[in-house]
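One structure below.
Just so it is clear, the model here is predicted, and its values are computed rather than measured.
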Amino acid sequence: MASTTDRVMSLRAVRQLRRVRAFYTGGALLWAVLTAWTAWQSPGSRQMWVSALLLAAFSGLLLTASLWLHRLQTAGPRRPAHHAASHRATAPRHAHA
């Protein structure tokens with residue numbers, strides 16, 4: 001059974017990996033557009049190859065973050081991290097006469 005600190009660390013890691021994955025997705029999209037633009041303007045130039053290298057780097061980082069996130073989500077518990085009160089309606093309590 002996982003301790004509560006392990007569960008909290010796992011939830012924090014998942015949250016942080018989601019933010020990082022969003023950042024890497026934006027970077028990969030930006031460099032994909034810039035690589036396409038540079039390849040259109042001056043194919044085979046040094047700027048195009050640098051842009052393609054940065055696109056490969058962001059794509060690799062995005063893939064790594066996605067794999068780690070997938071592993072953390074499948075390894076995590078399926079139950080909620082905290083136990084809240086039940087949301088079901090309770091019957092009103094009446095005093096018997």
Please confirm whether the backbone N or O of T35 pairs with a side-chain atom of T38, one donor and one acceptor, at under 3.5 Å? no
Rounded to the nearest 0.5 Å, what separates atom OH in Y24 from atom CG in L63? 12.0 Å
Can you tell if the side chain of L53 reaches within under 4.5 Å of the side chain of W49, non-hydrogen atoms only? no
In terms of hydrophobic clustering (I, L, V, M, F, W, Y; side-chain heavy atoms under 4.5 Å; direct or indirect links), are L55 and L29 co-clustered? no
Can you tell me how far the CG atom of L17 sits from the CZ atom of R12, to the nearest 0.5 Å? 14.0 Å
Cluster question for you: counting only ILVMFWY and a side-chain heavy-atom cut-off of under 4.5 Å, with indirect links fine, are L61 and F23 together? yes
How long is the span from the CG atom in L72 to the CG atom in L67, to the nearest 0.5 Å? 11.5 Å
Give, for atom OG of S42 and atom CE of M48, the distance between the pair rounded to the nearest 0.5 Å. 8.0 Å
Please verify the inter-ring angle class for F58 with W31; under 30° counts as parallel, over 60° as perpendicular, anything in between as tilted. parallel
If I compare all heavy atoms of A65 with all of V20, which pair ends up nearest, and what's the gap? CB-CG1, 4.5 Å
d(R21 CZ, L62 CG) to nearest 0.5 Å is 8.0 Å
Rounding to 0.5 Å, atoms CH2 (W68) and CD (Q16) come to a distance of 10.5 Å
Could you tell me whether the side chain of R18 reaches within less than 4.5 Å of the side chain of Q73, counting heavy atoms only? yes
